[in-house]
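All chains are named by letter (A, B, ...) in the order of the sequence lines, taking the proteins before the strands, and each is independently numbered beginning at 1.
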Amino acid sequence: MVPVFLAQWMKEKRSPYMVLIFISISIAAALLFGSNMDIKLKIDTFRGEGVTVEEAERWIDRLNESGAFIFSLRAEEESLADVRQGRSDMAVRLLKDDYRIIAVMESTNVELVQQHMQAVYHEEFRIMAAASHAEDELEFREAMKTYMEQPPLKLQSSTSSGSELRSYDMRLQLLFGFSLFLAMLTVGFRVNAMTAEKISGIWNRVILSPLTKTEMYLGHLTYSTLIGIVQITMVFLLAKYLFGFSLGHSFGMLAMIVVLYTMTIVAMSMLFTGILRTPEQFGAIFTSIVPIMPLISGAYMPPGTITNDVLLFIGQFLPLQHALDALIGVSIYEQGWTDIYLPLAKLLLMAVIFFGVGINLVERRRL
Amino acid sequence: MLETVELSKSFKGKTVVDGVSLYLDQGESVGLLGPNGAGKSTTISMISSLLAPTHGDVLLRGKSVIKHPQDIRRVLGVVPQEIALYEELSAYENLQFFGRIYKLKKTALESKIQEVLEIVGLRERQKELIKTFSGGMKRRINIAAALLHNPQIVIMDEPTVGIDPQSRNHILDTVRYLNLEKGTTVLYTSHYMEEVEQLCKRMYIMDHGKVIASGTKEELGRILSSEDTILLQLDAYDDAFIEEIRSLDPVRQVERTDQGLKLIIAKQSRVLSSIVQSAERHSVQLINMHVHTPSLEDVFLHLTGRTLRD
Ligand SMILES: Nc1ncnc2c1ncn2[C@@H]1O[C@H](COP(=O)(O)OP(=O)(O)O)[C@@H](O)[C@H]1O
Ligand SMILES: [Mg+2]
């Protein structure tokens, strides 16, 4: 296994340009396209029965005072139509002293909006309740407001670990999206080096040596995995320490996601290698399919942009989708293991299936 | 030492190797000759345990290679037809890799690398990348890579295809060195008749997956026929002269040609002095006389109706 690994590494040392360029592109793209894109997510609201425009606007002002969202008032039909046709994640019906979130499916954002609204309404009701006992309601409210700026007790929409989500860091999502995508190319080409070796006859030479086939595969696949991990890790480290990206609360969890993701894309590349016969076919088809994956997963767009059922369905089968979910969950929403175990489990499952099928196809083809 | 028994291989019903039986004695240098597509490489793949035969067996000292592939892999060095090297790495790094997969230890590996580089005459170029090498130099490193583990048997699959004469001579010298100096058993595959004639005592000729002839060069020459051809270039001659030649005992056939006569005679008969005497008696000027002994090239032509390079 070691000689195979070392040979790959020596080749890499001779021409490290691909990996270096991909690292640079990942960071550059995040900086370029993500600059000042600390976006607030737009949420449509509409008036429910008996709610006046003034009342609705007062609530909207309150809701917009904090949090990662911009609420705006629209007509009911338009808002609902957008949700129904998948153009937006959710809409909010403002009721008299109450609200309903209308969403087609559960998502982190729906949950966050729910938390945020609940906190704002809760706080407002307490002020109202207190104010009803006061003589000068207006004055009380002003006093209350100043008081609330430095509250002894604070309720707000929060991420799992308790800190407030102020805005959605689009720059970080792009950094993740690009680094995961470009790692697929790097890993794919490294895995495909095996096919090239089979064609050049190097593989047969190794078969004739005392080295076992398992050692050969291990050498290649370990190398492909490591180079992928190194590439992504370099991006993360440079982004954090050179460009001041904030990667969230747990580098260890990010590392775990990256390792699992890289193993999955190694398995995926193995599957492609099994299906596509020559390195040329691999070069042509793999490099055409891979760039589509981040598009389907919505890696370059604000969350919730992709709402087409077909795309969402396909996205379920893309490692990138789950890794991206987990990375964003950990670093932006500050999720813990319990929140990200599902995407991680899906990655692991995919890795096992892709690899099993892939290696069978690769081995069968040789007979 | 090594033999194949009725070795056959079919790909999707198409038989490309058909009942090939051959053997190699220890220390022998044997040629495997045949045009492109004859099935030489496929035969080699089966001998070296890379490809399972459809029928037949390969025996190393009487033991089946198919059942015990490790046995032959230990003693065998295969020089593949293609350049099986990392183009992006240097000659040295390639040899280092192929030595390591044979689990050679550091110092042994280093001295072995220098030894095989010396054999193929590329020691001074070892730091250069394979992709900068000429075709001939690549072929030489391709051979060197198969020698690192001191194989007792070396199989070379067309090691001289499309290279410059200098490299070619170098490779032929390498084969001689391995066989004569180091006592290595060699199976040398080629579609160049001259090479096999020079290097090998014995040879097999393959065509369309079958061994169509085998033996020493002389034995194969005898297959062709029991006749030689003599071409006579004459100044002026008459029918009486022809009749006299025709009446000579070993002469089987006389034909007129542009410049004189073509005689078919019994093989290795002593007829030349009689011809000269007849010419003098009839005052026929004998300008040139050429005895044509059949070459292996002719043997192949005779057996298949095609030349090797077809
Ligand atoms: N893997 C394969 N599948 C199908 N046909 C093959 C395969 N390998 C070789 N052949 C065919 O077998 C024949 C003999 O090939 P080969 O052994 O390479 O001949 P040679 O080495 O004498 O030129 C050729 O016609 C070739 O097309
Ligand atoms: Mg061949």
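- Note: A:Asn204 CG to B:Ser48 OG = 8.0 Å, rounded to the nearest 0.5 Å.
- Both the backbone and the side chain of B:Leu85 come within contact range of chain A, judged by heavy atoms closer than 4.5 Å.
- In this structure, B:Lys210 places its NZ atom where only 12 or fewer heavy-atom neighbours from other residues, nucleotides or ligands lie under 6.0 Å away.
- Counting heavy atoms from C-beta outward, A:Trp203 and B:Leu50 have side chains that stay 4.5 Å or more apart.
- Nearest heavy atoms, A:Gly201 versus B:Ala84: C-CB, 3.4 Å.
- The line from NZ of A:Lys13 to CD of B:Glu88 is 14.0 Å long, rounded to the nearest 0.5 Å.
- Residue A:Met234 qualifies as open at atom CE: its count of foreign heavy atoms under 6.0 Å is 12 or below.
- Of the two parts of B:Phe11, neither the backbone nor the side chain holds a non-hydrogen atom closer than 4.5 Å to a non-hydrogen atom of chain A.
- When the candidates B:Gln96, B:His149, B:Glu82 are compared by the number of heavy-atom contacts under 4.5 Å with chain A, B:Glu82 comes out ahead.
- By the 6.0 Å contact criterion, CD on B:Glu115 is enclosed, its count of non-hydrogen atoms from other residues, nucleotides or ligands being greater than 12.
- Under a cut-off of 6.0 angstrom, the local environment of NE2 in B:His55 is sparse, with at most 12 non-hydrogen atoms contributed by other residues, nucleotides or ligands.
- Between A:Ala7 and B:Tyr86 the shortest heavy-atom distance is CB-CE1, 3.9 Å.
- A:Arg14 has a carboxylate O that lies under 4.0 Å from a charged side-chain N of B:Glu93, or vice versa, which qualifies the two as a salt bridge.
- At a 4.5 Å heavy-atom cutoff, the contact between B:Ala146 and chain A is made by backbone and side-chain atoms alike.
- Between B:Tyr102 atom OH and A:Leu208 atom CG the span is 5.5 Å, to the nearest 0.5 Å.
- Nearest heavy-atom pair, A:Arg205 versus B:Ala145, reported as atom, atom and distance to 0.1 Å: NH1-CB, 3.6 Å.
- For a residue to count as touching a neighbouring chain, one of its non-hydrogen atoms must lie under 4.5 Å from one of that chain's; by this rule A:Ile202 touches chain B with backbone and side chain alike.
- Distance check, rounded to the nearest 0.5 Å: OG of A:Ser209 to NZ of B:Lys103 gives 7.0 Å.
- Here B:Asn142 is the residue among B:Ile83, B:Asn142, B:Leu76 with the most heavy-atom pairs under 4.5 Å with chain A.
- Interface residue A:Gln8: only side-chain heavy atoms are found under 4.5 Å from chain B.
- Side-chain contact between A:Met216 and B:Ile101 is absent, with no heavy atoms from C-beta onward closer than 4.5 Å.
- Each of B:Arg100, B:Gln70, B:Arg74 has some count of heavy-atom pairs under 4.5 Å with chain A, and the biggest count is that of B:Arg100.
- Within a 6.0 Å sphere centred on CE of A:Met350, other residues, nucleotides and ligands contribute more than 12 heavy atoms.
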